[in-house]
Amino acid sequence: MTIAQIDGLLQKIESTEKIEAGSERAKAIVNRILRDLFYTIEDLDIQPDEVWTAVNFLTQAGKNEEYGLIAAGLGLEHFLDLRMDEEEEKAGMIGGTPRTIEGPLYVAGAPKSKCFARLDDGTEIEQGEIFFMQGKVLDDNNNPVPNAIVEVWHANLKGNYSYFDQSQSDFNLRRTIETDENGNYQFRSILPSGYGVPPGGSTETLLHAVGRHGNRPSHVHFFVSAPGCRKLTTQINFANDPYLWDDFAFATREGLIPDLVVITDAEKIKEKGLDTPFSSIDFDFTLHKEVEGIHDAEVERLRAESIA
């Protein structure tokens, strides 16, 4: 078909819209996507069986509840982060802790504590490596932010997350920490494992079709928020992971790879109530002050919420 023929068809479809009905924003988005799709089908000579294969794939991906993974794997979530970065930079927000993807595995309602929390339930203590992470939440003038909220979650040694993995205890490796009057937070946990997308699932099928893998390096997720500040969605990575800069979700960013220090000093080990060396990370989160005229950093999306 010619472009003129395609445009004629698009105009016919759009002509069925009632001016007084529906959402103008929805109309603009759907019509743009449809136009680009029609052009793509024509340009690449995509055949009907390929179109219906894609439709069937999308149907199955919905049944598998993997759209969150697919959005990350296609780079869509990373792209949205970069657009938010650009908007903030144009508004004069420079520096601060880099944001990176949330992913689809957050669960609301994790137990809350003041200043310190232990994340793990102890079931993997014999196999895992204990680590502590501590630091401050600061504003962009380097002032401590008291009573800031640090939500943290990560995978276990098998690369699985509680709630989605029913074999784990409720809220294992998930906590909400409120900073003290000096902006301090600290938690204890076990070093997480990296992981891959579900074997044989929709995300793996798509990634293999385009010649890519579905592995993520080990990481720890965070939401950091405080009144008057823009909410930060981020995660840290560990420097020795083979997938550090080959993350299928494109989440690794400079500034989010803190030093992991092994503590062997006997007195420091004793202070932690341990009898073996442990690892430690010092990391401060810097939040931007909220400003008017730019989009909210709080992203509205469907998230799991435990009833435990």
Side-chain angles (χ1 to χ4, degrees), residues 58-74 76-78 80-81 84 97 99-124 133 137 145 147-179 185-190 192-193 195-198 201-203 216 218-236 249 251 285 287 290 295-308:
L58 294 172
T59 301
Q60 187 60 51
K63 292 178 180 178
N64 294 346
E65 298 184 340
E66 289 193 45
Y67 280 129
L69 280 175
I70 290 172
L74 290 179
L76 174 59
E77 195 170 1
H78 180 53
L80 296 176
D81 283 342
M84 291 178 71
T97 302
R99 67 163 45 84
T100 194
I101 71 167
E102 173 186 337
L105 299 170
Y106 169 80
V107 177
K112 183 178 179 181
S113 59
K114 188 73 174 182
C115 195
F116 174 83
R118 178 172 174 175
L119 273 59
D120 70 295
D121 63 5
T123 56
E124 295 183 308
M133 180 168 168
V137 176
V145 181
N147 307 316
I149 300 299
V150 179
E151 298 179 76
V152 53
W153 69 101
H154 67 77
N156 67 2
L157 296 180
K158 296 179 180 178
N160 297 324
Y161 287 76
S162 60
Y163 179 89
F164 302 95
D165 171 17
Q166 293 296 310
S167 71
Q168 296 185 49
S169 62
D170 293 335
F171 294 113
N172 184 39
L173 306 173
R174 302 178 185 274
R175 287 297 184 273
T176 299
I177 306 168
E178 183 179 14
T179 63
Y185 77 91
Q186 184 184 58
F187 64 83
R188 168 185 166 174
S189 195
I190 55 171
S193 172
Y195 56 86
V197 298
S202 299
T203 311
R216 294 217 62 200
S218 57
H219 56 279
V220 180
H221 291 273
F222 298 93
F223 284 155
V224 187
S225 57
C229 295
R230 288 179 66 75
K231 182 174 182 177
L232 173 67
T233 300
T234 194
Q235 58 187 262
I236 62 160
F285 297 100
L287 305 181
E290 193 63 86
H295 290 91
D296 196 340
E298 173 72 73
V299 176
E300 295 295 332
R301 56 185 285 184
L302 186 64
R303 298 181 174 97
E305 185 167 358
S306 177
I307 59 174

Original post:
side chain to side chain contact (heavy atoms under 4.5 Å, CB included) between Val220 and Val152: does it pass, once the steps are laid out?
Top reply: CA-CA 7 Å; Val220 180; Val152 53; 3.4 Å; yes
Subject >> side chain to side chain contact (heavy atoms under 4.5 Å, CB included) between Tyr185 and Glu178, worked out >> reply: CA-CA 7 Å; Tyr185 77 91; Glu178 183 179 14; over 6 Å; no
**OP:** Please step through side chain to side chain contact (heavy atoms under 4.5 Å, CB included) for the pair Ile236 and Phe222, ending with a clear verdict.
**Re:** CA-CA 8 Å; Ile236 62 160; Phe222 298 93; 4.0 Å; yes
Original post:
What do the steps show when you test Lys158 against Glu124 for salt bridge (Lys or Arg N to Asp or Glu O under 4.0 Å), and what is the final call?
Top reply: CA-CA 10 Å; Lys158 296 179 180 178; Glu124 295 183 308; over 6 Å; no
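At a threshold of 4.5 Å between non-hydrogen side-chain atoms, the residues Gln186 and Met133 do not count as touching. Taking 4.5 Å as the limit, every side-chain heavy atom of Thr233 sits out of range of all side-chain heavy atoms of Val299. Between Thr176 and Ile149, the closest side-chain pair of non-hydrogen atoms falls below 4.5 Å. Within the 4.5 Å cutoff, no side-chain heavy atoms of Val150 are placed close to those of Phe187. Counting heavy atoms from C-beta outward, Leu287 and Val224 have side chains that approach closer than 4.5 Å. Between Leu173 and Gln168 the shortest side-chain heavy-atom distance falls below 4.5 Å. In this structure, Phe285 and Leu232 have side chains that are in contact, with non-hydrogen atoms separated by less than 4.5 Å. For the pair Ile177/Phe116, no side-chain contact is recorded, criterion being any heavy-atom separation below 4.5 Å from C-beta on.
Note that the CG atom of Leu76 and the CD1 atom of Ile70 stand 11.0 Å from one another [nearest 0.5 Å]. Between Ser225 atom OG and Glu298 atom CD the span is 8.0 Å, to the nearest 0.5 Å. Atom CG of Asn160 and atom OG of Ser167 lie 6.5 Å apart (nearest 0.5 Å). Summarising the geometry, atom CD belonging to Glu290 is positioned 8.5 Å from atom SG belonging to Cys229; distances are rounded to the nearest 0.5 Å. Atom-to-atom distance recorded for Lys231:NZ and Asp296:CG is 9.5 Å, nearest 0.5 angstrom. The OG1 atom of Thr203 lies 10.5 Å from the OH atom of Tyr67; values are rounded to the nearest 0.5 Å.
Pairing each heavy atom of Phe164 with each of Pro104, the nearest pair is CZ-O, 3.8 Å. For the pair Ala155 and Ser193, the tightest heavy-atom approach, listed with the atom from each and the gap, is CB-O, 4.1 Å. Of all non-hydrogen atoms in Ser218 and Pro192, the two that sit nearest each other are CB-O, 3.3 Å. The nearest pair of heavy atoms linking Ile190 to His154 is O-CE1, 3.3 Å. Here the closest heavy-atom approach between residue Asn172 and residue Asp121 is recorded as OD1-N, 2.9 Å. Of all heavy-atom pairs spanning Ala297 and Met84, the tightest one is CA-CE, 3.7 Å.
Ring orientation note: the planes of Trp153 and His221 are close to parallel, at an angle under 30° on the 30°/60° scale.
Within 6.0 Å of the CD atom in Glu65, the count of heavy atoms belonging to other residues, nucleotides or ligands does not exceed 12.
Without hydrogens or angle criteria, Thr179 side chain to Asn147 main chain gives a donor-acceptor distance under 3.5 Å. Side chain of Glu66 to main chain of Ser202: a donor-acceptor pair is present (N/O by atom type, distance under 3.5 Å, no hydrogens or angles). Within the 3.5 Å criterion, the main-chain N or O of Ala251 finds a donor-acceptor partner in the side chain of Thr100. In this structure, Arg188 contributes its side chain and Ala117 its backbone to no donor-acceptor pair below 3.5 Å. Gln235 places a side-chain N or O within donor-acceptor distance of the main-chain N or O of Ile101, the cut-off being under 3.5 Å.
In summary, the side chains of Asp120 and Ser189 do not present any donor paired with an acceptor at a separation below 3.5 Å, with no hydrogens or angles considered.
Not less than 6.0 angstrom separates the ring centroid of Tyr161 from the ring centroid of Tyr106. Ring-centre distance between His219 and Tyr195: below the 6.0 Å cut-off.
Looking at Glu77 and Arg301, a side-chain N of the basic residue comes within less than 4.0 Å of a carboxylate O on the acidic one, giving a salt bridge. With respect to Arg174 and Glu151, no salt bridge is recorded, no charged nitrogen being found less than 4.0 Å from a carboxylate O.
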